[in-house]
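Structure first, then comments.
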Amino acid sequence: MAQILAPSMQWQMRMPKYSNIASPMTTKMWSSLLMKQNKKGTNRSSAKFRVLALKSEDSTVNRLEDLLNLDITPYTDKIIAEYIWIGGTGIDMRSKSKTISKPVEHPSELPKWNYDGSSTGQAPGEDSEVILYPQAIFKDPFRGGNNILVICDTYTPAGEPIPTNKRHRAAEIFSNSKVSAEVPWFGIEQEYTLLQQNVKWPLGWPVGAYPGPQGPYYCGAGADKSFGRDIADAHYKACLYAGINISGTNGEVMPGQWEYQVGPSVGIDAGDHIWCSRYLLERITEQAGVVLSLDPKPIEGDWNGAGCHTNYSTKSTREEGGYETIKKAILNLSLRHKEHISAYGEGNERRLTGKHETASIDSFSWGVANRGCSIRVGRETEKQGKGYLEDRRPASNMDPYVVTSLLAETTILWEPTLEAEALAAQKLALNV
């Protein structure tokens, strides 16, 4: 992961203030994302504006573009809030738009809303209402102005969190006094794969066939090595505009696969920022006519999978003598390996095989600078005697609320028996 030094002050604020941002990312700015599939002589404007899914004359497309890019700020105090939530699969993202009477800076200023949970697999038809609670606000890079994106979690009308609401439990853990005193930092490396829309085959790959073997693609440049860079760059800028604490991006080992890093983020903010960044990526790939996949092993065979490595530290691990606290955390993680694996994403068994920079799903391991282990400790952390650890087990489709809160729970709140601790320390060669 790119170096993560310290979280920005944005984690203390629910609504970042940007007074001098020039403009949103307009439809014209998305034009470079489109695949070069147009035959010679194809109308340039209609190809550029594929989000419309229309075959229209230039004038019609331009009029629609003008309306989509219209700045309503001089004419009304009202804003558009895009309410975003997690659907019934636990990985799909849903959203709908609401007019708000004036600009807001904190989610507490926004009303609760509802949706039809029977259409998202989250409620029965005879009692389908699910309530959205606004929890975090980000600026909207698509609409610009004072318009916002709102990360919500989901409840029954009686105020009980529904089963797919993992944020509620995470917030409880992060509000625990012992956890909050440790100021847990997270840096999350989100890998993803871009697929061709009609064939669901990786971007840049010949349809029904394979490119050359892995090697030249990781952080590569060139038309025969890098596929989807415009999407990755557009997403990078959209995240920065929105106020997401994105810290970097790079091409990955498998062609058509990319990674971006979010963090350091403190506590519950890590989940909010990852989910909002995923939503932006879904919207950008939608406009580009490309399919986003978070499958942890999109292509079987000698190809890397997609993970969501999670870098983690606490106040105690970052202070002098923190290496001993890191080793104690590793010991605890080893004793709850099965619990973590069961919560680290669907289909992860296809990825965690012991090959392609992964550890076996069936056993726990740790090492310094070893990317084939469950937990990796960096050379600099070992040298300085303090720092962070990297949990390499989470899959690309993991729920960041679950993973981050479970790490905090296991390493800060959970206490093993002395006997179990001694046996695990001996097995892992950890002198704790």
Side-chain angles (χ1 to χ4, degrees), residues 10-16 78-125 127-140 143 146-176 179-180 184 186 242-245 262 265-280 282-283 343 398-406 408-409:
Q10 287 179 358
W11 76 267
Q12 298 178 2
M13 300 181 289
R14 307 310 297 169
M15 175 58 178
K78 295 178 180 179
I79 66 167
I80 303 172
E82 191 73 17
Y83 279 50
I84 302 165
W85 71 95
I86 301 160
T89 66
I91 190 66
D92 60 313
M93 303 199 73
R94 310 292 180 118
S95 74
K96 60 178 184 172
S97 310
K98 187 176 185 66
T99 301
I100 306 297
S101 61
K102 63 180 181 179
V104 300
E105 293 188 357
H106 194 275
S108 63
E109 300 174 63
L110 293 167
K112 296 174 184 176
W113 206 8
N114 66 75
Y115 66 93
D116 172 17
S118 68
S119 296
T120 62
Q122 293 171 294
D127 188 14
S128 64
E129 196 168 281
V130 179
I131 312 302
L132 294 168
Y133 285 33
Q135 298 291 359
I137 295 175
F138 297 87
K139 289 184 68 65
D140 187 340
R143 296 186 173 114
N146 293 317
N147 301 302
I148 55 176
L149 306 174
V150 185
I151 296 295
C152 304
D153 59 357
T154 45
Y155 296 81
T156 68
E160 295 295 322
I162 67 173
T164 52
N165 180 357
K166 307 302 182 184
R167 191 187 190 280
H168 179 79
R169 173 59 180 159
E172 288 182 337
I173 291 173
F174 286 122
S175 63
N176 181 287
V179 175
S180 60
F186 298 95
I244 292 168
N245 194 21
V262 172
S265 303
V266 179
I268 197 70
D269 282 0
D272 290 340
H273 283 232
I274 282 290
W275 276 116
C276 191
S277 72
R278 286 176 175 178
Y279 177 79
L280 293 181
E282 287 278 15
R283 288 282 303 275
M398 64 81 151
D399 187 326
Y401 294 134
V402 174
V403 170
T404 56
S405 61
L406 190 55
E409 180 183 59

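Side-chain atoms are counted along with the backbone in the values below, which use heavy atoms only and exclude waters and symmetry mates.
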Requested in this report: Would you tell me whether T154 and R94 have side-chain atoms, one donor and one acceptor, within less than 3.5 Å of each other?
Outcome: no
Query raised in the report: Do the side chains of I86 and T164 get nearer than 4.5 Å, heavy atoms only?
Result: no
Report task. Would you name the heavy atoms of I137 and P107 that are closest together and state the gap between them? Result -> CD1-N, 3.4 Å
Query raised in the report: Out of curiosity, L110 CG to E105 CD, how far, rounded to the nearest 0.5 Å?
Result: 11.5 Å
Query raised in the report: Thinking salt bridges, do R167 and D399 make one under a 4.0 Å N-O criterion?
Result: no
Requested in this report: Indicate the atoms forming the closest heavy-atom contact of A170 with I268, along with that distance.
Outcome: CB-CD1, 3.7 Å
Report summary line: Smallest heavy-atom separation, K98 atom then P111 atom, equals CE-CG, 3.6 Å
Report task. Supply the atom-to-atom distance D92 CG to T120 OG1, rounded to the nearest 0.5 angstrom. Result -> 7.5 Å
**Report entry** NZ or CZ of K96 within 45° of Y83 ring axis and under 6.0 Å
**Finding:** no
Query - Shortest non-hydrogen contact from E129 toward I131 - result: OE2-CD1, 3.7 Å
**Report entry** Nearest-0.5 Å distance, CD1 of residue I79 to OG1 of residue T99
**Finding:** 9.5 Å
Report summary line: Nearest heavy-atom contact between N147 and I80 is OD1-N, 2.7 Å
Query - All salt bridge (Lys or Arg N to Asp or Glu O under 4.0 Å) counterparts of R283, not counting sequence neighbours - result: none
Query raised in the report: Side chains of L280 and I244: closer than 4.5 Å at any heavy-atom pair?
Result: yes
Requested in this report: Using atom types as modelled and distance alone, determine if a side-chain donor or acceptor of S180 lies under 3.5 Å from a backbone N or O of N176.
Outcome: yes
Report task. Could you tell me the separation between the SG atom of C276 and the CG atom of N245, rounded to the nearest 0.5 Å? Result -> 12.5 Å
**Report entry** Close side-chain approach of T404 to I274, heavy-atom, < 4.5 Å
**Finding:** no
Query raised in the report: Between CG of D153 and CG of N165, what distance do you get to the nearest 0.5 Å?
Result: 4.0 Å
Query raised in the report: What closest approach, in Å, do I84 and S95 show between heavy atoms, and which atom pair accounts for it?
Result: CG1-CB, 3.9 Å
Requested in this report: Have a look at W85 and tell me which of Y279, Y155, Y133, Y115 forms a ring-ring contact (aromatic ring centres under 6.0 Å, His included) with it.
Outcome: Y115
Query raised in the report: Can you list the steps and then say if R278 with I91 is a side chain to side chain contact (heavy atoms under 4.5 Å, CB included)?
Result: CA-CA 10 Å; R278 286 176 175 178; I91 190 66; 3.5 Å; yes
Query raised in the report: Hey, what do you get for CD1 (I148) to CD (E82), rounding to the nearest 0.5 Å?
Result: 10.5 Å
Query raised in the report: Where does the angle between the aromatic ring planes of Y401 and W275 fall among parallel (under 30°), tilted (30 to 60°) and perpendicular (over 60°)?
Result: tilted
